[in-house]
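Okay, structure first, notes after.
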Amino acid sequence: VRTDYPTTGSFFLQYLPATLGLTLARLLGFNYVTMIWFGRLFSLAAYTALLALAIRLMPRLNRVMAAVGLLPMCLHLAASFNYDAMLIGTACMFTALVLRYAAETPALHWRDLALLGLLAVLLAPMKMLYVLLVGICLLIPKKRLPGKARWLALGLAVLAAGFFFAFSNYIFSYIGLSRGSLAAAA
């Protein structure tokens with residue numbers, strides 16, 4: 001079935017660990033099957049690193065985060081050759097960071113808000129449904145925020161960037177630009 005609009009997004013960070021594994025295996029001169037295994041192992045390593053950091057950042061109930069991260073389906077997706085390793089790992093990091101800010105951090109600073117915003121913007125183009133996860137930021141008490149104007153400015157910037165990244169494929173295809181036409185023009 002051919003459509004004029006892209007049905008899936010492709011954000012390069014989703015595939016970065018697998019791409020690094022493939023590249024390393026290719027540079028070492030391995031065959032195709034070994035290259036695929038390297039990609040899968042690098043995806044699993046990235047997932048493990050993100051999950052370990054999320055478990056460490058959790059204020060309480062870090063065993064629950066570990067149990068969720070070690071569910072068989074999560075491990076299967078993390079060790080396969082797809083983007084779900086980065087998606088689930090980033091979602092766990094975002095959740096752990098929000099819960100830490102809500103429970104332990106006495107006052108948030110710009111860098112804290114910028115880190116939350118960065119993780120939210122990274123989640124948006126990976127899979128549209130995960131944009132709703134940003135709503136857990138409402139768990140952070142108002143008294144911990146650095147000020148209404150700063151919070152509002154950062155919130156609007158995150159929403160604008162997330163909107164752009166999430167809908168960039170649709171926007172570019174609507175105005176007639178696609179990866180193929182951009183490559184042909186270059």
Side-chain angles (χ1 to χ4, degrees), residues 8-27 34-105 108-140 144 154-155 157-159 161-169:
T8 60
S10 233
F11 189 50
F12 74 95
L13 287 178
Q14 297 169 323
Y15 301 102
L16 187 63
T19 304
L20 292 175
L22 281 176
T23 304
L24 179 64
R26 188 172 181 193
L27 290 174
T34 309
M35 288 171 52
I36 296 297
W37 277 103
F38 264 67
R40 292 177 71 175
L41 287 173
F42 273 60
S43 288
L44 182 62
Y47 174 78
T48 304
L50 287 170
L51 187 64
L53 193 54
I55 292 169
R56 184 180 168 137
L57 286 174
M58 282 289 286
R60 289 180 222 112
L61 303 172
N62 51 3
R63 290 184 182 186
V64 173
M65 179 66 78
V68 168
L70 294 174
L71 286 170
M73 196 65 211
C74 290
L75 290 177
H76 171 74
L77 289 171
S80 64
F81 201 80
N82 63 26
Y83 64 87
D84 286 320
M86 291 296 290
L87 176 68
I88 297 169
T90 306
C92 288
M93 274 282 300
F94 182 79
T95 304
L97 201 58
V98 168
L99 293 176
R100 181 181 189 91
Y101 291 163
E104 289 184 352
T105 307
L108 297 179
H109 300 289
W110 262 109
R111 67 180 181 273
D112 302 325
L113 297 177
L115 184 58
L116 271 180
L118 176 69
L119 287 174
V121 166
L122 288 177
L123 276 175
M126 288 188 191
K127 193 175 274 187
M128 188 66 95
L129 185 63
Y130 281 76
V131 172
L132 299 175
L133 189 63
V134 176
I136 67 169
C137 287
L138 296 174
L139 294 174
I140 301 173
R144 294 196 174 132
L154 183 72
V158 167
L159 283 175
F163 178 81
F164 174 76
F165 280 121
F167 292 105
S168 61
N169 285 338

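Positions are given from 1 along the sequence. Just so you know, these numbers use all the heavy atoms, side chains as well, and skip hydrogens, waters and symmetry mates.
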Check whether any side-chain heavy atom of [X] sits under 4.5 Å from a side-chain heavy atom of [Y], and report yes or no.
X	Y	answer
Phe38	Leu22	no
Phe94	Thr90	no
Leu77	Tyr47	no
Arg60	Leu99	no

field: Verdict with reasoning, Gln14 to Leu87, per side chain to side chain contact (heavy atoms under 4.5 Å, CB included)
entry: CA-CA 7 Å; Gln14 297 169 323; Leu87 176 68; over 6 Å; no

Non-hydrogen atoms of [X] and [Y] that approach each other most closely:
X	Y	answer
Thr23	Thr19	OG1-O, 2.7 Å
Ala54	Ala96	O-CB, 3.3 Å
Ala79	Arg40	O-NE, 2.7 Å
Pro17	Phe42	O-CB, 3.1 Å
Val68	Cys74	O-SG, 3.4 Å
Leu50	Met93	O-CG, 3.6 Å

message: Using the rule side-chain contact (heavy atoms from CB on, under 4.5 Å), only one of Ile55, Leu53, Thr48 pairs with Leu51; which is it?
response: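 That would be Ile55; it is the only one of Ile55, Leu53, Thr48 passing the side-chain contact (heavy atoms from CB on, under 4.5 Å) with Leu51.
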
Any chance you could measure [X], atom [atom1], to [Y], atom [atom2], to the nearest 0.5 Å?
X	Y	atom1	atom2	value
Leu75	Leu44	CG	CG	7.5 Å
Leu133	Leu123	CG	CG	6.0 Å
Arg63	Leu61	CZ	CG	10.5 Å
Ile36	Ser80	CD1	OG	11.5 Å
Ile88	Tyr83	CD1	OH	10.0 Å
Ile136	Tyr101	CD1	OH	12.5 Å

query: Distance-only, no hydrogens or angles: does the Arg100 side chain make a donor-acceptor pair with backbone N or O of Pro59 under 3.5 Å?
result: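 No, the answer is negative, given that no donor and acceptor are paired below the 3.5 Å cut-off.
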
